[in-house]
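Dropping a structure here in structure tokens format, bear with me for questions.
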Number of protein chains: 2
Amino acid sequence: MSGLTTQDQGYGSNVRPGCPFHEVRQKLRRVGLRPTRQRVSLGWVLFAKGQRHVSAEMLYEEAMKERIPVSLATIYNTLRQFTEAGLLRELTLDGAKAYFDTADHDHHHFVVEGENRVIDIPAQDIDVAALPAPPEGYEISRVDVVVRLRKVEG
Amino acid sequence: MSGLTTQDQGYGSNVRPGCPFHEVRQKLRRVGLRPTRQRVSLGWVLFAKGQRHVSAEMLYEEAMKERIPVSLATIYNTLRQFTEAGLLRELTLDGAKAYFDTADHDHHHFVVEGENRVIDIPAQDIDVAALPAPPEGYEISRVDVVVRLRKVEG
DNA sequence: TTACGTGCAAATAATTTGCAGTCCC
DNA sequence: GGGACTGCAAATTATTTGCACGTAA
């Protein structure tokens, strides 16, 4: 896959680290996840290596490429655990494939119709001015804006 | 593009306002879908009967309740055809279940975490003020705002 | 009539789960 | 050492598809 959208200028968490693995380990501990080999390695791919949106399958292939010994089932489990711990956010696209992205910053998404490509929109580029009050007994946990794109004829 | 209303602009003389089935039939014809028994019946459930968001399964149960003879496969086919024709919009929630809602008005959604409940937010209640320019070669086809709700402890 | 639509059941695709073996604290 | 974690394969769930038959134009 072309690194078109993986090429980026990095966020705050992308601290030119002395030891990314150590930071991932800490990050995991902080949210109560035991830093096992698989989790640390996958965390490294997700948080230190600049990967930003992945599907289970993409992460699995990435892991294979990096010689990380991990099974697809563990990928799924890990993605879910990370998401429950708040390290990732889930983004479900039409087409029944779930994507996950690093959750350390607020942002929204461009989604290209047809392809399954996702491009970040920095939070400050979208202004959701007015939000309705949630129904009685509920509170807003998160607001997602998905801007669907269509290729221009040409 | 967003001028679709249930109230149509008189196509022929055989418009019978007050006869929902006829209106559905016309609506289908207008988008090039042959108005078969199943499509008209499902269209009636979706457009005339006030149903607004349904999953395939929900629509199937609704159809059974209304004694509409239709198979689940046809439900899926029909939902997709309606969506491609612009009569419905697809909304994919975390949980790998697709929902569809009538597309005749702009609106956004509250989604209750855990449950698979969807509540409409009228377009005028959300103000997406600033939108970023789409990447070169793409145009915005649609903007979806999903407000996730969490039940308040009590 | 005749191409398009429908129903059934089997096929896919994405994701989850049960359980035996493994590893971290 | 002991409970949490992993891997495998089988199970689930949502959706699609192939093909014989039915039906609208």
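Within every chain, numbering begins at 1; the chains are lettered A, B, ... in the order of the sequence lines, protein sequences first and strands thereafter.
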Checklist entry - Counting distance only, does the side-chain N/O of His108(A) pair as donor-acceptor with the main-chain N or O of Val145(A) below 3.5 Å? => result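 Yes, the answer is positive, given that a donor and an acceptor are paired below the 3.5 Å cut-off.
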
Checklist entry - Are Arg148(A) and Phe110(A) side-chain neighbours, meaning at least one heavy-atom pair lies under 4.5 Å? => result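 Result no, sub-4.5 Å side-chain heavy-atom pair not found.
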
Item to check | Interatomic distance, Tyr76(A) OH vs dA10(D) P [rounded to whole Å] | outcome: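 In whole Å, dA10(D) P lies 18 Å from Tyr76(A) OH.
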
Next on the checklist: A side-chain contact here means heavy atoms from C-beta on lying under 4.5 Å apart; do Val40(A) and Thr36(A) qualify?
Outcome noted: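 No, too far: nothing below the 4.5 Å cut-off.
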
Checklist entry - Can you list every salt bridge (Lys or Arg N to Asp or Glu O under 4.0 Å) pair that touches residues 118-127 of chain B, not counting sequence neighbours? => result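 Salt bridge (Lys or Arg N to Asp or Glu O under 4.0 Å) check on residues 118-127 of chain B returns Arg52(B)-Asp120(B).
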
Item to check | Between dC5(D) (P) and Glu84(A) (CD): distance, integer Å | outcome: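 From Glu84(A) CD to dC5(D) P: 12 Å.
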
Item to check | Bounds of contact between DNA chain C and chain B, in 5' to 3' order, using a heavy-atom cut-off under 4.0 Å | outcome: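 Reading along DNA chain C, I get dC4(C) to dA9(C).
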
Next on the checklist: Give the residues of residues 58-66 of chain B touching DNA chain C, defined as any heavy atom closer than 4.0 Å, sorted by residue number.
Outcome noted: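 Heavy-atom cutoff 4.0 Å gives no residues at all.
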
Checklist entry - Going by heavy atoms in the side chains, are Tyr60(B) and Tyr76(B) under 4.5 Å from each other? => result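 Heavy-atom side-chain distance check fails, nothing below 4.5 Å.
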
Item to check | Close side-chain approach of Thr74(A) and Leu72(A), heavy atoms under 4.5 Å | outcome: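 In short, these two side chains do not touch, never coming nearer than 4.5 Å.
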
Using a cut-off of under 3.5 Å, enumerate the N/O to N/O pairs linking the protein to nucleotides 18-25 of chain D.
from, atom 1, to, atom 2, distance (Å)
dA25(D), OP1, Arg29(B), NH1, 3.2

Checklist entry - In whole angstrom, what separates Leu42(A)'s CG from dG7(D)'s C1'? => result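 Result: 13 Å.
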
Next on the checklist: Strictly by side chain to side chain donor-acceptor pair (under 3.5 Å), give each pair with a member in residues 77-91 of chain B just once, sequence neighbours left out.
Outcome noted: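 Every pair satisfying side chain to side chain donor-acceptor pair (under 3.5 Å) with a residue in residues 77-91 of chain B: Arg39(B)-Gln81(B).
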
Checklist entry - Looking at Ser71(A), does any N or O in its side chain come under 4.0 Å of the phosphate oxygens OP1/OP2 on dT6(D)? => result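 Answer no for this pair, as no side-chain N or O of Ser71(A) is under 4.0 Å from OP1 or OP2.
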
Item to check | Atom pair distance, as rounded to whole Å: CG in Leu93(B) and P in dA14(D) | outcome: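 So the two atoms are 12 Å apart, to the nearest Å.
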
Checklist entry - Is there side-chain contact between Ile121(B) and Val147(B), with at least one heavy-atom pair below 4.5 Å? => result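 Side chain of Ile121(B) against side chain of Val147(B), heavy atoms only: contact under 4.5 Å found.
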
Checklist entry - Between atom CD in Glu57(B) and atom C1' in dA14(D), what is the gap in whole Å? => result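 Rounded to the whole Å, the gap is 9 Å.
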
Checklist entry - Using 30° and 60° as the class limits, which term best fits the ring planes of Trp44(B) and Phe21(B): parallel, tilted or perpendicular? => result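 The rings of Trp44(B) and Phe21(B) lie parallel, inter-plane angle below 30°.
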
Checklist entry - Are side-chain heavy atoms of Pro135(B) and Leu149(A) found at a separation under 4.5 Å? => result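 Yes. Closest side-chain heavy atoms under 4.5 Å.
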
Checklist entry - Any side-chain heavy atom of Leu42(A) within less than 4.5 Å of one from Leu79(A)? => result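 The answer is no; the side chains never approach within 4.5 Å.
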
Item to check | Min side-chain heavy-atom separation Leu33(B)-Phe82(B) under 4.5 Å | outcome: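 They are in contact (side-chain heavy atoms under 4.5 Å apart), so the answer is yes.
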
Next on the checklist: Within the 3.5 Å criterion, strictly below it, is a donor on Glu113(B) or Ser141(A) matched to an acceptor on the partner's side chain?
Outcome noted: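 Yes, a side-chain donor-acceptor pair sits under 3.5 Å.
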
Item to check | Value in whole Å for how far the P atom of dT15(D) lies from CG of Leu72(B) | outcome: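 Value for this atom pair: 9 Å.
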
Item to check | Divergence of helical axes at both termini of the helix from dT1(C)-dA25(D) to dC25(C)-dG1(D) - five pairs an end, 10° steps | outcome: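 Rounded value for the end-axis angle: 40°.
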
